[in-house]
Structures are given as C-alpha cells and as structure tokens.
Amino acid sequence: TADLMIDMIGHAYDEFDPLIDAMEAEIDNLEELVDREETEAVCGRLSSLERRAAIFHRHLAPQSAIFKLIAANQSSIFNDDDRDHLNELDSRLRGILETLRDMRERALIIDQRIQRIEEFRQTKANLVFAVAATLFLPATFLTGLFGVNVGGIPWLNEPMGFVFLSTICLVLILVSYATIRRSRWL
C-alpha cells in the first residue's frame with residue numbers, strides 16, 4: 001500500500017511538471033513583451049498566470065505538512081526505503097512550491113514595470129498637452145482681446161491690421177516655443 005501511495009504521488013507530480021514548465025515559459029515570454037513595452041498584450045495573460053500559480057500553490061502547499069507527519073510517524077506501514085522515497089517527493093514538492101512562489105514574485109515585478117511604463121506614457125502625454133497649451137495661450141489671449149467689439153481697437157481701419165495681428169501672434173508663439181526649448185521641456 002505504501003508503494004501504491006508513493007507511486008500515485010510521484011505520478012501526480014509528474015503531471016505538474018509540464019504545467020509548471022509551460023507557466024515558466026509564459027512568464028519568460030511576458031517579460032520579453034514588457035521589455036519591448038508591449039504592455040497591452042501582457043495584462044490579461046499576466047493575471048491568468050498569477051491566478052493559476054496561486055491555485056497550484058494553494059492546493060500543493062498543505063501536502064508538505066503531510067510529508068512531515070509521515071516522516072515523524074514511526075508506523076510500520078512505511079519502511080526506510082519508503083521514507084526515503086517520501087523525502088524525495090517532499091523535496092520535489094518544495095521545489096515546485098518554490099518555483100510557484102518565484103513565478104508569483106516575477107509576475108508582481110512585471111506588474112510594477114507595466115505600471116511604471118504606463119505612468120511614463122501618461123506623463124509624456126500630459127507634457128505634450130501642457131506644451132501645446134503654453135504655446136498657444138498668449139496668441140489665444142491676444143486674438144480674444146482684439147476680437148472684442150469696442151471702439152479704439154488698434155489697426156481696426158488699417159488694411160494691414162490683420163497681418164500685424166497675425167505677425168504678433170506668430171512672434172508670441174515663437175517666443176513661447178524658444179522659452180520652452182530653453183527650459184528643456186521639449
């Protein structure tokens with residue numbers, strides 16, 4: 001009966017080996033995608049991998065306690081060879097559990113890297129909007145001021161009034177652009 005139990009446990013662990021190997025290959029692939037900043041392809045696959053690793057760990061971890069109980073028990077069911085085989089299976093189980101913990105840690109690191117990449121992208125997009133607003137704010141103010149329909153507006157009756165106003169707006173935009181470049185915002 002002890003041999004049957006040991007064979008069944010060994011066979012069960014044999015079934016886990018290809019699954020664990022596939023999960024390790026998948027997390028390697030996800031790390032490569034994050035290195036290339038292809039974060040959209042990673043998120044769903046990462047959560048699925050984390051879920052599978054957590055489920056495997058949850059089901060396999062209690063088995064270690066069973067091995068310890070069997071090793072401590074001096075029952076006549078298990079002889080010394082059986083105990084040696086059980087110790088080998090326990091070592092194998094600890095290796096599987098360590099691999100699962102490692103995968104979960106790597107998944108957490110990947111998740112943190114994705115967050116940093118997305119924060120950087122968001123910051124970059126906000127900077128572009130801020131620079132665009134800064135470039136056109138003085139010209140928008142000036143055109144709004146000249147668009148008020150009250151008497152005394154400069155160049156109202158001048159044929160070149162529009163050209164003067166356009167030139168002033170263009171100069172303001174160029175001065176804003178030069179200031180932004182000098183401040184190294186672009």
Side-chain angles (χ1 to χ4, degrees), residues 15-61 94-186:
E15 296 292 322
F16 272 103
D17 285 339
L19 297 172
I20 300 293
D21 291 342
M23 290 171 63
E24 283 185 303
E26 185 172 355
I27 202 159
D28 289 340
N29 186 15
L30 294 176
E31 285 176 331
E32 289 174 15
L33 288 173
V34 170
D35 288 342
R36 293 192 309 253
E37 295 189 9
E38 297 176 18
T39 58
E40 294 82 17
V42 174
C43 294
R45 291 169 56 189
L46 183 63
S47 64
S48 173
L49 181 77
E50 287 175 309
R51 193 171 30 258
R52 281 183 285 155
I55 289 169
F56 285 169
H57 192 274
R58 186 177 25 225
H59 290 295
L60 291 173
R94 280 186 269 137
I96 291 171
L97 292 172
E98 183 62 33
T99 301
L100 290 170
R101 279 191 292 273
D102 181 52
M103 270 191 262
R104 291 172 75 186
E105 288 174 11
R106 288 172 65 190
L108 182 63
I109 290 169
I110 289 171
D111 192 40
Q112 291 170 348
R113 288 176 59 199
I114 290 171
Q115 287 177 0
R116 283 194 304 267
I117 289 169
E118 293 303 320
E119 287 173 4
F120 179 74
R121 286 179 182 169
Q122 185 66 36
T123 301
K124 207 171 177 181
N126 288 343
L127 181 63
V128 168
F129 286 124
V131 167
T134 303
L135 282 175
F136 292 103
L137 187 63
T140 303
F141 172 74
L142 191 60
T143 56
L145 186 64
F146 276 92
V148 176
N149 290 324
V150 293
I153 296 177
W155 308 306
L156 179 63
N157 296 321
E158 293 285 327
M160 295 295 289
F162 178 75
V163 173
F164 291 145
L165 181 60
S166 298
T167 303
I168 291 172
C169 287
L170 185 61
V171 167
L172 286 173
I173 290 172
L174 291 174
V175 167
S176 297
Y177 178 75
T179 304
I180 289 170
R181 289 295 283 187
R182 198 168 330 123
S183 299
R184 294 194 177 134
W185 290 351
L186 276 180

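Please read these numbers as outputs of a predicted model, since none were measured by experiment.
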Between Met103 and Ile20, what is the shortest heavy-atom contact and its length? CE-CG2, 3.9 Å
Which heavy atom of Val42 sits nearest to which heavy atom of Glu38, and what is that distance? CG2-O, 3.5 Å
Looking only at non-hydrogen atoms, find the nearest pair between Asp17 and Ile96 and report the distance. OD1-CD1, 4.4 Å
Please report the interatomic distance CG(Leu174) to CZ(Arg181), rounded to the nearest 0.5 Å. 13.0 Å
Rounded to the nearest 0.5 Å, how far does CZ of Phe129 lie from OG1 of Thr134? 13.0 Å
Roughly how far apart are Ile180 CD1 and Leu135 CG, rounded to 0.5 Å? 4.0 Å
As an exercise, state the distance from CG of Asp28 to CG of Leu33, rounded to the nearest 0.5 Å. 11.0 Å
Rounded to the nearest 0.5 Å, how far apart are CZ of Phe16 and CG of Leu60? 4.0 Å
Rounded to the nearest 0.5 Å, the CG atom of Leu137 sits from the CD1 atom of Ile173 at a distance of 10.5 Å
Could you go through Arg45 and Leu49, starting from their C-alpha distance and side-chain angles, then the distance that decides it, and tell me whether this counts as side-chain contact (heavy atoms from CB on, under 4.5 Å)? CA-CA 6 Å; Arg45 291 169 56 189; Leu49 181 77; over 6 Å; no
Report yes if some heavy atom in the side chain of Leu100 is under 4.5 Å from a heavy atom in the side chain of Met23; otherwise report no. yes
Test side-chain contact (heavy atoms from CB on, under 4.5 Å) on Leu19 and Arg52 and set out the steps. CA-CA 10 Å; Leu19 297 172; Arg52 281 183 285 155; over 6 Å; no
The side-chain contact (heavy atoms from CB on, under 4.5 Å) partners of Phe164 (sequence neighbours excluded) come to Trp155, Met160
Pair up each side-chain donor or acceptor in residues 114-121 with any protein partner under 3.5 Å, not counting sequence neighbours, and list the distances.
unit_1	atom_1	unit_2	atom_2	d
Glu118	OE2	Thr39	OG1	2.6
Glu118	OE2	Arg121	NH1	3.0
Arg121	NH1	Thr39	OG1	3.3
Arg121	NH1	Glu40	OE2	3.3
Arg121	NH2	Glu37	O	2.6

